[in-house]
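Heads up, the thing below is written out as structure tokens.
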Amino acid sequence: MPSPLPDRYDFATEPATYQAWVEAGAFTAHPERSARVGGDRTPYAIVMPPPNVTAILHVGHGLNNTIQDVIMRWARMKGAEALWVPGTDHAGIATQNVVEKLVASEGHTRFDLGREAFVKRTEEFVAKTGGTILEQLRAIGASADWTRTAYTLSPELSVAVREAFVRLYERGLIYRGHRVTHWCPRCLTSLSDEEAEFNDEPGKLYHVSYPLADGSGRGLIIATTRPETMLGDVALAVNPNDDRYRDLIGKMVKLPIVGIEIPVIADDYADPAFGTGVVKITPAHDANDFEVGKRHSLATPVVIDEHGAMREVADADNRVPAELEGLDRFVARDRIVEMLRASGALQKIENHDHAVRHCYRCDTVVEPRLSDQWFVTMEPLAKPALQAVRDGAIRILPERWEAVYVNWLTNIRDWNISRQLWWGHRVPVWYCDECDPPQNIIVSRDDLTECPYCGCAVRQDEDVLDTWFSSGLWPLSTLGWPNEKAPDLQAFYPTDTLVTAPEILFFWVARMIMLGYEFEGRAPYHTVYLHGTARDTQHRKMSKSLGNGIDPMDVIKLYGADALRWTLIAGMGMGADVVLDPNDLDKSFATGRNFGTKLWNIGRFLLDRVGQEPVQPLASVDRASMTRADQWILSRLDAAIADCDRALGPLWPTTPHASADGRVWKESERYAGLKLNEYAEAARQFVWNELADWYLESLKARLDVPGADREVARSVLVYAFDQALRLLHPVVPFVTESLWQRLPGHEDGTLLVSASWPQALAAAPSRAAQEFEQVREVVLAVRQIRGDNSVAPGKMIEVVIRPAGGAERAPGELLQHELPTIGRLTRSEPRIAADAPTGAAAHAVLSGGTEVIVPLAGLVDIDKECARLRGEVAELEKQIPAREGRLNNAKYVERAPANVVASDREILQEMKTKRDQLVEKVRSLCGA
RNA sequence: GGGCGAAUAGCUCAGUUGGUUAGAGCACCUGCCUUACACGCAGGGUGUCGGGGGUUCGAGUCCCUCUUCGCCCACCA
């Protein structure tokens, strides 16, 4: 039994409410209920983008998970068997960096500890501090199924990772490649193309002269941004069609500093238009040069080591002078430039902006490095992933990201999946030193100690897999794959929607889709919802390093989780960034806090005036006994439900399709749904601007008088508020649940979280509802007149209502009936008149033609009123000729649709009538 | 360099296939401490729809162009 209602919503009760949901099993999914395995509910599943296991909650997580929670709660209320899978990502490189720093603070490197000890240390660290974020997600109300919490490095998921690797290898889609890849000299690992992020930076273009070896004194001038790599040069390349250098092809030049001779070769790679048209070829330190070198069978001397220091690593006999040995690449660059300048080889230095790749984890400038890595052949995987979006089996919201997705997949490049890290899934490959290729490489699902061919000892590959390889399997692995019989896999795969930020569209989303098709033949979900970024008022991305972030936990402490949620959801257009002020939480979250308070106060009013005695169910209340206001609010509720449903759209695609996915989005619904802010706004509009502002106000008198009418009012009010709480629950689950528990007649033990989504009652508003709408118009008109004429708020005024002629039902009768309401809502004494009163008066004409007249004698400054009326006339005098001109245009009348022309005529007529009335009024009031 | 998108109120954004007098939230201004709520109530739109040109009876909407901004991709050393 809930405690008596406090004056203020106490959000300190949120954890208890959350606990009640968990204890009721409200978030726990039941695979046997899924229609896919013979149950009676359509499944709806979301896999949570697993936060890094060491992460703590920031606004980005808050936004991401609130969106998911809104969708999950909505789906659950719609009757779906809802599953939201939570979990964390071991985040190989990120977590390893964190622990390395920890170890460094103790004066050690990971190499001091050794692999085994370091991994153990990391495991301990994760066990102790990891998963904090999952606790925090509970605080924001995330209705995830915690009985299924997953972790990318768990034994179960590791099985999936290994299975995936082996299957891809067996299909020939994983291969060992010897090539130049991105290398982070700080993290000491290779990176994928996606992990090496471009950054446009000002740089220099150095022009260096390479003299011909024939002693002719001629030379070739090359342009380079990275002179330090010249120690590894093996050739100069010119374009075969470049007449300037044709005669030099095949000649030798002398490599400055090193002093050896290298050939001039012809290759299309050299662009005659760039720089001098001559490019130096350094196969070991540039991915393009490596390709050129391969074409020309050139050597690959390595002159920069894994730390980014100059050193003779391989095939580099005496290329690195002693004075450069061991120098960092950037220090070496300066030194080399000096040496070139001293020798006269340096021709000039130009400023040159170019894109430099940085490590996405530590921001170190990436060094291209020649190494052996495992790659996934992407093109065959990309094909179905592309087709899925083209067919509409998958939609990406907002729509514009589909083009980005398609573009990337169309030009996809192979994926480097091996990392020279210790934290992660070890590559399931073993090497036998005794066997000959190809038997010396064994890929295995099980750990091996001896070679299956010769029986001697084998050693496992030292590398681990890219973190994104395991997260790419997330929708599969968390549901039990590769066990095809796993109940969750059968019941919930494919899942439904994926909610994430666009930054990881390629890192993660595209790869999940590709792997989903590869291993299950189906897309992992039908909807990808990409949301915006949390930014500060200067539109800078919120980040730890900038110190402009907002801690969601602070917001929850100050205003409660609902305030946070409402602010994020209601203030966010699809895919648009959320702008918040980290220096003014009060202002930033006022919307959410205020809305929660408003809801609470509606609840207080209701409980105070309606009482705790059960109400008659609405279905048993005779429509005839309802007032116009009752019918009006019920029709507004229907409209609100329809608006919410429209904004949210269908839960899943409904059009059957021959593809493996079975269903595709039809064009009309493809980009229509999940407009969460529109949904929130529609619900807010109803509960605040209609239920509270009008219905509640109109009810005050009725609730004070015992009797049959009071009972009707109680039923309608409780019904309408109950439905409103349901509509709002997905966004503000805590406050709605607390209020719902206290509704009169509430059945003990039932929870709003498991209640059903509202359904509209009637197709069209009844006449009584429309009549209340007219009354509302009168009130609005009177308020406006009061405001325009600065009538003191406390002042009672007389309002004269002149019904329009020819109305089907005498509006006078209707208005008479509602006069008590009008009077109370406007502080006025209305009366009905057949004729307009004489003397100065303010008029308003309602949509049906009914006139509202407020005699102004003694109320207002007549001069001011005259000025206002004259202004109105002038405005109309301006608009009328424009419209007349249009109607006099023969082509317009002839070609525009008849209804447009007709309404145009009507408007013109109305304007003229209104002008005439105003002119008449000005004459009588002001005498001119 | 290629591609995509955006430009509408002070801010964040809606604005369906061209069609009546361009909307919402927040902010702001005015007046109210009316017994659910000042975290509230009532009233108020503050706009050459980025500039220019075109198509059309009619353009915020379609076309061209210019300007500015954002995002994604990319091997000009």
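None of the values given here were measured: they were computed from a predicted structure. Letters A, B, ... mirror the listed sequences (proteins, then strands); counts begin at 1.
The closest side-chain donor-acceptor pair between Glu195(A) and His182(A), if any, does not fall under 3.5 angstrom.
For C13(B), the OP1/OP2 oxygens have no side-chain nitrogen or oxygen of Lys675(A) closer than 4.0 Å. A sub-4.0 Å separation between OP1 or OP2 of G31(B) and a side-chain N or O of Arg786(A) is absent.
Among the heavy atoms of the strands lying under 4.0 Å from Trp401(A) are primed sugar atoms or P, OP1, OP2 only; no base atom is included.
Under the side chain to side chain contact (heavy atoms under 4.5 Å, CB included) rule, Val292(A) has a single partner from Thr282(A), Asp286(A), Ile281(A), which is Ile281(A). The one candidate from Val732(A), Val731(A), Leu564(A) that meets the side chain to side chain contact (heavy atoms under 4.5 Å, CB included) condition with Ile569(A) is Val731(A).
Inter-residue side-chain proximity for Glu503(A) and Leu505(A) is flagged as unmet; no heavy-atom pair is nearer than 4.5 Å. Using a 4.5 Å heavy-atom cutoff, the side chains of Arg511(A) and Glu194(A) are in contact.
When distances run from any side-chain atom of Leu780(A) to the nucleotides G43(B), C26(B), G5(B), the shortest one goes to G43(B). Closest approach to the Ile602(A) side chain among C13(B), A36(B), G2(B) is made by A36(B) (side chain taken as heavy atoms from C-beta onward). Candidate nucleotides A42(B), C75(B), A36(B) were compared by shortest atom distance to the side chain of Arg783(A), and A42(B) ranks first. For Val279(A), the listed nucleotide lying nearest its side chain is A77(B); candidates were A36(B), G25(B), A77(B). Taking every side-chain heavy atom of Lys598(A) into account, G40(B) is the closest of A77(B), A74(B), G40(B). Ranking A36(B), A24(B), A74(B) by closeness to the Glu697(A) side chain, first place goes to A36(B). Each of C37(B), U12(B), G44(B) was ranked by its minimum atom distance to the side chain of Val579(A); first place goes to U12(B). Ranking A77(B), A14(B), G5(B) by closeness to the Glu678(A) side chain, first place goes to A14(B).
With rounding to whole Å, Arg609(A) atom CZ is found 8 Å from U35(B) atom C1'. When rounded to the nearest whole Å, the span between CH2 of Trp688(A) and P of A42(B) equals 10 Å. One atom, CD of Glu399(A), and another, P of G3(B), lie 19 Å apart when rounded to the nearest Å. Atom CG in Asp577(A) sits roughly 10 Å away from atom C1' in G70(B) (whole-Å rounding). Atoms OH (Tyr360(A)) and P (C72(B)) sit 16 Å apart, rounded to a whole Å. Separating the OH atom of Tyr892(A) from the P atom of G18(B) is a distance of 16 Å, rounded to the nearest angstrom. Atom CZ of Arg593(A) and atom P of G40(B) are 8 Å apart (whole Å). Distance Phe605(A) CZ to U34(B) P: 17 Å, rounded to the nearest Å.
For the C1' atoms, the distance from C73(B) to G54(B) is 34 Å, rounded to whole Å. U16(B) and A27(B) have their P atoms separated by 28 Å, given to the nearest Å. Distance check on atom C1': C72(B) versus C66(B) gives 24 Å, rounded to whole Å. A distance of about 16 Å separates the C1' atoms of G60(B) and U56(B), rounded to the whole Å.
Ring-centre distance between Tyr9(A) and Phe734(A): not below the 6.0 Å cut-off.
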Item to check | Dot-bracket notation for RNA chain B, counting Watson-Crick and G-U pairs under 3.5 Å, with | for partners on another strand | outcome: (((((((..((((.....[...)))).(((((.......))))).....(((((..]....))))))))))))....
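Classification of the Phe274(A)-His352(A) ring pair by plane angle, with boundaries at 30° and 60°, yields perpendicular.
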